[in-house]
Amino acid sequence: MKVPHLPQDIPFNEDQKTWLAGFFSGLHSRLLVKEESVVHAESKPQVKGLTILYGSQTGNAESVAYDTAEKAKEYGLTASVHDMDDVDAQVFVKSSRILVITSTYGEGEHPDNAESLWETMSSDNAPKLSDTYFSVLALGDTSYDEFCLAGKQWDERLEQLGATRITDRVDCDIDFEQPSEEWMIATLPAIADKGEDGQATASGQSAPKQKSKYGRKSPLLATLKHKRTLTKEGSSKEIVHYEFSLEGSGEFYKPGDALNVIPENQPELVEALLEHFQFSGDEKPSWNGESHSLRELFTSTLDIRTPSKELLKALAEAASDHSVIQMLADEDSSALNDFLWGKDILDLVKHYAGVSLSLAEILSLLKPIAPRAYSISSSLNKHNDEVHLTIGSVRYANDEREYGGTCSTWLADLVDEGEKVPCYFAPNKNFAVPEDDKAPMIMVGQVQVLLRSALS
């Protein structure tokens, strides 16, 4: 808008010219402000908001949530990611597009950070969600009876409250990367076409939480600085203390957090399994689109110790073992647990020695090695750039065979000082030392005392 200009030969005296100049100047200022306001309002971009809620115990669901938010950009969605413990029921009311990504903890329980929100949303006072579109990604482990129960409950409850399901829930086993990626590709464009758009404002977007660059797919390689056995030789329990370096990683932790360690299998078990199947170990089958030697897969990729239900079912059906087939079908898992107690995969395939499986079948029935979560036994206030673990080595004998826990004995027997261990942190929001040093606090611990008879 041009500034008004009075002609020099206008037929007015100086006082009149001064008054007119002031009048037009004020009028111009008001019109300019109004014009700028209209332009500013029209220039505010319309965004497609997406709310992603995660319930996570070990960090996997949280990692997938942030991966989903990043991928959402490809579909014109502006995603905000929230820990379920940081929001209340109003997040469902205010969001027309919601994705729930949750793991299941223990025997069908919700993760610690999701319990409060789930309690609210499963109550009779939960809000109606007729204008909400959603989809659920559930993470779990088929080794447990209540596989992905938390995700199933969220999926059912949101529908009960009137929300519209955009894509079917996907239930992921331990190897969750590929199915979660497929869920994203199917869900994000579908939900982008639903719901209401809003205007982007500086205060309207949640500040993104700082996400660690380390996780299951890209673990931190922490150097083992020191390792020492705390128990005496001949003790009924071996306890080992480990000290890892965090120098240069930028990682930090708080009291109550856990460290996820990604172990390797015992070489003796690898060779025994190869021998049973009559493989050399040099075979190079395809696994997740990559080619590795079978020995490498059995050593550092696949869980060859804990039998999966899929493997047991395939063996039992091939052998027409109706008693085990019935155990797998029963809701009461006590008989199945008794049958599997103490057995590893080598025991299982020897039990069904008459069943022949191809290499492709074997690989399809084995799961990836799952990270082991250990409580941290150190503080950064005392040990800067270090994280310490204190672990009891799992060792036992059964039917004249010696067995060892996959991770505890790998660390104790095979990892030397100076070597690197793949790991990543899992925060624990439900346990924290008060920031106020003067706040009262009661700590409850358990001490186990072993008494030996003086006559033994």
Side-chain angles (χ1 to χ4, degrees), residues 51-70 79-88 91 99-106 109-118 137-141 150-151 174 176-177 180 206-222 242-262 370-391 407 421-436 439 441 443:
T51 298
I52 302 175
L53 306 177
Y54 68 84
S56 186
Q57 193 71 29
T58 62
N60 290 333
E62 178 181 3
S63 177
V64 175
Y66 280 99
D67 289 343
T68 304
E70 187 64 27
S80 58
V81 180
H82 301 275
D83 184 318
M84 287 189 182
D85 210 25
D86 293 336
V87 296
D88 56 26
V91 72
L99 300 181
V100 172
I101 301 173
T102 184
S103 61
T104 296
Y105 179 58
E109 301 166 21
H110 287 258
D112 290 341
N113 75 314
E115 287 182 346
S116 178
L117 184 62
W118 170 248
L137 179 71
L139 274 59
D141 183 346
I174 291 175
F176 60 82
E177 285 84 0
S180 64
S206 300
K209 178 183 173 182
Q210 187 65 34
K211 179 194 172 187
S212 171
K213 60 183 178 181
Y214 301 107
R216 176 174 166 175
K217 292 190 291 185
S218 55
L220 166 68
L221 298 178
Y242 304 90
E243 300 177 5
F244 301 94
S245 172
L246 300 176
E247 188 173 357
S249 69
E251 290 294 272
F252 64 93
Y253 59 89
K254 296 180 179 179
D257 290 353
L259 185 70
N260 290 311
V261 178
I262 305 175
R372 270 58 171 181
Y374 293 106
S375 297
I376 295 170
S377 55
S378 60
S379 169
L380 288 173
N381 294 331
K382 175 69 175 178
H383 303 281
N384 189 32
D385 281 339
E386 290 183 4
V387 58
H388 297 183
L389 302 178
T390 306
I391 302 173
C407 191
V421 172
C423 57
Y424 60 98
F425 288 98
N428 183 353
K429 292 197 64 178
N430 285 273
F431 176 89
V433 176
E435 294 184 5
D436 182 3
M441 179 171 60
M443 303 289 287

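Along the sequence shown, residues carry numbers from 1. When reading the values below, keep in mind they use all heavy atoms of this one structure, side chains included, and skip hydrogens, waters and symmetry mates.
- Phe425 pairs by the ring-ring contact (aromatic ring centres under 6.0 Å, His included) definition with Tyr253, not counting sequence neighbours.
- Listed by chain and residue number, Asn60 satisfy the side-chain hydrogen bond (donor to acceptor under 3.5 Å, both in side chains) test with Tyr424 (two or more places apart in sequence, or in another chain).
- Interatomic distance, Thr51 OG1 to Leu99 CG, rounded to the nearest 0.5 Å: 8.5 Å.
- Taking the side-chain contact (heavy atoms from CB on, under 4.5 Å) definition, one finds that Ala222 meets it with Leu220, Phe244, Cys423, sequence neighbours left out.
- Closest approach of Gly151 to Thr104, counting heavy atoms only: N-OG1, 4.2 Å.
- Among residues two or more places apart in sequence or in another chain, the salt bridge (charged side-chain N to carboxylate O under 4.0 Å, His left out) test is passed with Asp141 by Lys367.
- Here the straight-line distance linking atom CD of Gln57 with atom OG1 of Thr102 works out to 9.5 Å at 0.5 Å rounding.
- With values rounded to the nearest 0.5 angstrom, Leu389 atom CG is found 14.5 Å from Arg372 atom CZ.
- For Pro422, the side-chain contact (heavy atoms from CB on, under 4.5 Å) partners are Pro219, Leu221, Ile262, Trp410, not counting sequence neighbours.
- Listed by chain and number, the residues in a side-chain contact (heavy atoms from CB on, under 4.5 Å) with Glu70 are Lys73 (sequence neighbours excluded).
- A heavy-atom distance below 4.5 Å is found between the side chains of Pro427 and Glu62.
- With sequence neighbours left out, the salt bridge (charged side-chain N to carboxylate O under 4.0 Å, His left out) criterion links Glu177 to Arg216.
- The two residues Asp83 and Asp85 come nearest to each other via the heavy atoms OD1-N, 2.7 Å.
- Counted within 6.0 Å of OH on Tyr374, heavy atoms from surrounding residues, nucleotides or ligands total more than 12; the atom is thus considered enclosed.
- A search for salt bridge (charged side-chain N to carboxylate O under 4.0 Å, His left out) contacts involving Lys217 returns Asp67, not counting sequence neighbours.
- Scanning both residues, Val261 and Cys407, for their nearest heavy atoms gives CG1-SG, 3.7 Å.
- Aromatic ring pairs are classed by plane angle as parallel below 30°, tilted from 30° to 60° and perpendicular above 60°; the pair His383 and His388 is tilted.
- Nearest heavy atoms, Ala61 versus Gly55: CB-O, 3.3 Å.
- Between Asn113 and Tyr54 the shortest side-chain heavy-atom distance falls below 4.5 Å.
- By the side-chain contact (heavy atoms from CB on, under 4.5 Å) test, Asn384 pairs with no residue at all, sequence neighbours left out.
- The side-chain hydrogen bond (donor to acceptor under 3.5 Å, both in side chains) check on Glu109 picks up nothing, with sequence neighbours excluded.
- Nearest heavy-atom pair across Thr68 and Ile52 is CG2-CD1, 3.9 Å.
- Here the CZ-CG distance, from Phe252 to Leu380, works out to 9.0 Å after rounding to the nearest 0.5 Å.
- Evaluation of the side-chain hydrogen bond (donor to acceptor under 3.5 Å, both in side chains) rule for Ser377 yields Thr390 as partners, not counting sequence neighbours.
- Residues Val87 and Leu117 approach most closely at CG2-CD2, 3.9 Å, considering heavy atoms.
- For the salt bridge (charged side-chain N to carboxylate O under 4.0 Å, His left out) test, residues two or more places apart in sequence or in another chain that qualify with Glu386 are Lys225.
- The line from CE of Met84 to CD of Glu115 is 12.0 Å long, rounded to the nearest 0.5 Å.
- Evaluated for a side-chain contact (heavy atoms from CB on, under 4.5 Å) with Ser103, the options Leu137, Leu139, Val64 yield exactly one hit, Leu139.
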